[in-house]
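Numbered from 1 within each chain, the chains take letters A, B, ... in sequence-line order. Bear in mind that the values here come from a model prediction, so they are computed numbers and not experimental data.
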Protein chains: 2
Amino acid sequence: MQISTKTGYAVRALAELARQPAGEPVSITAICRRQNLPPKYIEQLFRKLKHRKLISSKHGARGGYILNRPASQLSLKDIMEAVEDDFSGYCCLGANSHIEYCQGSPCAFYDFWNDIRKHQEEYFSSLKLDQVINYQETENEANISG
Amino acid sequence: MQISTKTGYAVRALAELARQPAGEPVSITAICRRQNLPPKYIEQLFRKLKHRKLISSKHGARGGYILNRPASQLSLKDIMEAVEDDFSGYCCLGANSHIEYCQGSPCAFYDFWNDIRKHQEEYFSSLKLDQVINYQETENEANISG
DNA sequence: TAATAACATATAAAAATAGTAGGAATTGGC
DNA sequence: GCCAATTCCTACTATTTTTATATGTTATTA
């Protein structure tokens with residue numbers, strides 16, 4: 001039960017996009033230089049983010065990526081759903097073991113896991129990308145004043 | 001971001017202990033027969049649960065395991081911490097990548113991830129084993145009346 | 001046309017997950 | 001005292017997921 005490196009990377013990379021003046025694309029090279037991330041890996045994550053229409057891209061020299069929405073409207077859930085292949089709580093219906101427990105119909109534990117999934121979805125939906133950026137700014141101010 | 005099969009198995013197995021009249025140990029064989037679980041795997045999980053003192057065991061014939069606390073005082077967080085090796089949210093300080101971002105000191109994203117971790121811990125602490133059992137009973141009643 | 005950068009696919013290395021195998025130690029019942 | 005049941009312990013294996021890397025193609029701009 002941990003948020004993956006993928007999500008961590010994606011948040012850091014997207015934060016760089018959010019910082020950029022609107023309309024100006026940022027290249028993966030630039031993002032990864034600033035955030036010290038593996039470019040080819042980020043490329044893959046960005047492809048997923050693009051398929052989910054969270055970002056757009058511009059080809060060629062001076063090209064790069066831009067956010068499709070203001071950071072205040074981009075949730076951690078959106079990012080996780082795009083980048084991890086399955087955001088969702090545990091569900092007894094999922095066949096993640098060779099031993100099928102509830103063979104197709106909701107089992108006795110279904111409601112329990114389902115409520116958890118719903119809670120998690122709501123929680124991660126409530127966390128927005130701009131919050132990270134605000135945290136960063138606070139941090140920086142503290143460093144300057146300190 | 002998913003609750004693992006380990007946790008799912010553990011919950012099902014522990015629910016069987018919770019059902020048992022107090023003081024009567026249940027063997028892994030019995031648990032796994034009732035819940036259709038892989039015995040050797042459950043054995044390993046139970047060892048971890050025992051180290052965390054969530055359960056006790058009785059050796060030999062007619063032996064087995066018993067819950068150390070009432071199900072109402074055993075949280076999903078307790079179980080996850082025992083069975084998964086790291087319950088905790090993502091933390092930028094964790095070296096889960098060869099690229100170290102914040103090299104030992106809290107980075108700009110620290111507070112963000114830290115608040116998430118705290119929230120998750122509180123939430124999973126609030127979910128108790130007896131809730132699963134209550135869900136089950138409701139389900140069963142529904143089946144009988146339906 | 002040369003440099004830049006997205007796009008795409010395949011491969012590889014490492015880690016985590018899920019499960020198995022075999023045996024030693026302990027207890028209860030006959 | 002013996003046998004069966006059971007926990008306890010260690011090691012191994014197989015599979016899947018994660019975290020990349022490599023290589024090449026296509027599009028864009030200066």
Side-chain angles (χ1 to χ4, degrees), chain A residues 1-10 12-13 16-17 20 24-33 35-51 54-66 80 82-88 90 94-101, chain B residues 1-10 12-13 17 24-33 35-51 55-66 80 83-88 90 94-101:
Chain A
M1 189 58 175
Q2 234 184 306
I3 293 178
S4 71
T5 304
K6 270 182 216 175
T7 298
Y9 282 2
R12 276 161 61 192
E16 287 299 322
L17 297 193
Q20 197 68 6
E24 302 226 344
V26 194
S27 73
I28 284 184
T29 311
I31 290 165
C32 292
R33 189 177 47 238
Q35 285 286 333
N36 191 26
L37 293 167
K40 284 297 192 182
Y41 196 44
I42 297 303
E43 219 174 281
Q44 288 177 56
L45 300 184
F46 269 37
R47 200 134 47 88
K48 292 180 176 178
L49 292 165
K50 200 191 165 180
H51 282 142
L54 305 184
I55 56 178
S56 303
S57 62
K58 204 185 157 196
H59 261 269
R62 301 250 173 172
Y65 294 89
I66 55 172
M80 291 169 76
V83 137
E84 304 185 14
D85 286 323
D86 50 354
F87 174 91
S88 64
Y90 177 84
N96 36 4
S97 151
H98 78 280
I99 298 177
E100 279 276 354
Y101 182 64
Chain B
M1 190 57 174
Q2 233 182 306
I3 293 176
S4 71
T5 305
K6 272 182 214 174
T7 298
Y9 283 2
R12 277 161 60 191
L17 297 192
E24 303 226 345
V26 195
S27 73
I28 284 184
T29 311
I31 291 167
C32 292
R33 189 176 48 239
Q35 285 286 331
N36 191 25
L37 293 167
K40 284 295 195 182
Y41 196 45
I42 297 302
E43 219 175 282
Q44 288 177 53
L45 300 183
F46 269 36
R47 201 136 44 86
K48 291 181 178 179
L49 292 166
K50 201 191 165 183
H51 282 142
I55 55 179
S56 301
S57 61
K58 205 184 156 198
H59 259 268
R62 301 250 170 173
Y65 294 89
I66 53 170
M80 289 168 78
V83 135
E84 304 185 15
D85 287 322
D86 49 353
F87 174 91
S88 65
Y90 177 84
N96 38 4
S97 151
H98 77 280
I99 297 177
E100 280 277 353
Y101 182 62

Student: Whole angstroms only, please: what is the OH-P distance between A:Tyr9 and D:dA20?
Tutor: 4 Å
Student: Just jot down the side-chain hydrogen bond (donor to acceptor under 3.5 Å, both in side chains) partners of B:Ser27, sequence neighbours excluded, or say none.
Tutor: none
Student: In whole angstrom, what separates A:Phe46's CZ from D:dT19's P?
Tutor: 16 Å
Student: Output one line per pair: protein atom, nucleotide atom from nucleotides 9-17 of chain D, and distance, for all N/O pairs under 3.5 Å.
Tutor:
{"from": "D:dC9", "atom 1": "N4", "to": "B:Glu43", "atom 2": "OE2", "distance (Å)": "2.9"}

Student: Sequence neighbours excluded, which residues qualify as salt bridge (Lys or Arg N to Asp or Glu O under 4.0 Å) partners of A:Lys58?
Tutor: none
Student: Are B:Thr29 and D:dA5 close enough that a side-chain N or O sits under 4.0 Å from OP1 or OP2?
Tutor: no
Student: Rounded to whole Å, please give me the gap between CD in B:Glu84 and C1' in C:dA16.
Tutor: 11 Å
Student: Each nucleotide in nucleotides 25-30 of chain D should get exactly one letter: B, S or -. Can you fill that in based on protein heavy atoms under 4.0 Å?
Tutor: --BBS-
Student: Output the rounded distance in Å from CD1 (B:Ile3) to C1' (C:dT17).
Tutor: 16 Å
Student: Taking 4.0 Å as the cut-off, does a side-chain nitrogen or oxygen of B:Ser27 come that near to OP1 or OP2 on D:dA5?
Tutor: no
Student: Less than 4.0 angstrom between a side-chain N/O of A:Ser57 and OP1 or OP2 of C:dA6, yes or no?
Tutor: no
Student: Let me know the distance between CD1 of A:Ile66 and P of C:dA6, rounded to the nearest Å.
Tutor: 12 Å
Student: B:Ile42 CD1 to C:dA21 P: how many Å, rounded?
Tutor: 16 Å
Student: In the structure I gave you, are the side-chain heavy atoms of A:Leu45 and A:Lys6 within less than 4.5 Å of one another anywhere?
Tutor: yes
Student: Can you confirm whether B:Ile28 sits close enough to B:Leu37 that some side-chain heavy atom of one is under 4.5 Å from a side-chain heavy atom of the other?
Tutor: no
Student: At less than 4.0 Å, is any side-chain N or O atom of A:Tyr41 found next to OP1 or OP2 of C:dA13? Yes or no.
Tutor: no
Student: Tell me: CD of B:Gln2 to P of C:dA16, nearest whole Å?
Tutor: 17 Å
Student: Quick one: do A:Thr7 and A:Glu84 satisfy side chain to side chain contact (heavy atoms under 4.5 Å, CB included)? Show the steps, please.
Tutor: CA-CA 7 Å; A:Thr7 298; A:Glu84 304 185 14; 2.5 Å; yes
Student: How many whole angstroms separate atom NZ of A:Lys48 from atom C1' of D:dT19?
Tutor: 11 Å
Student: Would you say that A:Cys32 contacts A:Tyr41 through its side chain, given a criterion of any heavy-atom pair below 4.5 Å between the two side chains?
Tutor: no
Student: Would you indicate whether the side-chain heavy atoms of B:Leu49 and B:Tyr65 approach each other to under 4.5 Å?
Tutor: no
Student: Using the salt bridge (Lys or Arg N to Asp or Glu O under 4.0 Å) criterion, which residues pair with A:Glu43? Sequence neighbours excluded.
Tutor: A:Lys40
Student: Taking side-chain hydrogen bond (donor to acceptor under 3.5 Å, both in side chains) as the definition, give me every residue that meets it alongside B:Thr29, ordered by chain and number, with sequence neighbours left out.
Tutor: none
Student: Taking only the side-chain nitrogens and oxygens of B:Thr5, find out if one of them lies under 4.0 Å from OP1 or OP2 of C:dA18.
Tutor: yes
